[in-house]
Engineer: 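First the structure, then my questions, so here it is.
Note that the coordinates shown come from a computational prediction; the quantities given were computed from them, not determined experimentally.
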Amino acid sequence: MNLLKDMKKSKRKVLTIVLSCTVLVVLGTLFFLKNNGKTGIFIENNKGAIEVPITIARNYLNDSEVLYESNSIKSTNKPIEEASISGESSISVTIYGEEQTVTGYVDSNTKNFSLLVKVASFDESTGKIVLDCNYDDGMNKIEKQLIFQK
């Protein structure tokens, strides 16, 4: 009788452990799939082409690398080429000659990330441009609004 009770308890323990491991595997897979999305630089602009130069750069301690550059702000997507420079860095956007930081820290091992730059508003009379920026490298997610004024 006691042997039968012990077997039932052991069976429950094993079943609980197997179930817990299955849940962990499923959650890990979902986390990986969720954070393994598209990488690149995406610019969304439904305000029409804004004839203002834009530069997006990855800035290292002693150097910088231009990731995207255009004479106008228009919708586009650009894959990120492998960095020729290594080390910790930051990502910035430059408009009207003014550089603003999207994220102050990008790990030296980060090769792929997604940066969405969306034109939230543009006032043609004053030249004021408001950008909503979303950076995601799978580990860090940063949302930041940048405001550029002529």
Engineer: With a sphere of 6.0 Å drawn around NZ of Lys47, does it hold more than 12 non-hydrogen atoms of other residues, nucleotides or ligands?
Structural biologist: yes
Engineer: Name all residues meeting the side chain to side chain contact (heavy atoms under 4.5 Å, CB included) criterion together with Ser125; count only those two or more places apart in sequence or in a different chain, and write none if there are none.
Structural biologist: Asp123
Engineer: Measuring from Thr110:OG1 to Tyr105:OH, what's the distance to the nearest 0.5 Å?
Structural biologist: 7.5 Å
Engineer: Closest heavy-atom contact between Met139 and Asp137?
Structural biologist: N-OD1, 2.9 Å
Engineer: Any idea which heavy atoms bring Glu98 and Gln149 closest together, and the distance?
Structural biologist: OE1-N, 4.4 Å
Engineer: Do any N or O atoms from the side chain of Tyr96 and from the backbone of Gly127 form a donor-acceptor pair under 3.5 angstrom?
Structural biologist: yes
Engineer: Closest heavy-atom contact between Val102 and Lys144?
Structural biologist: O-CD, 3.5 Å
Engineer: If we ignore angles and hydrogens, is there a donor and acceptor under 3.5 Å between the side chains of Asn62 and Tyr60?
Structural biologist: no
Engineer: To the closest 0.5 Å, what do you measure between CD1 (Ile54) and OG1 (Thr94)?
Structural biologist: 8.5 Å
Engineer: So, the side chain of Asn45 versus the backbone of Ile73: is there a donor-acceptor pair under 3.5 Å, distance only?
Structural biologist: yes
Engineer: Exactly one of Thr55, Thr101, Asn59 should register a side chain to side chain donor-acceptor pair (under 3.5 Å) with Ser92. Which one does?
Structural biologist: Asn59
Engineer: When rounded to the nearest 0.5 angstrom, what distance separates CD1 in Ile147 from OG in Ser121?
Structural biologist: 8.0 Å
Engineer: Compare all side-chain heavy atoms of Leu115 with those of Ile91 and state whether any distance is below 4.5 angstrom.
Structural biologist: yes
Engineer: Going by side-chain heavy atoms closer than 4.5 Å, which hydrophobic residues are tied to Phe42, directly or by a chain of links?
Structural biologist: Leu116
Engineer: Any donor-acceptor pair under 3.5 Å linking the side chain of Thr126 with the backbone of Lys128?
Structural biologist: yes
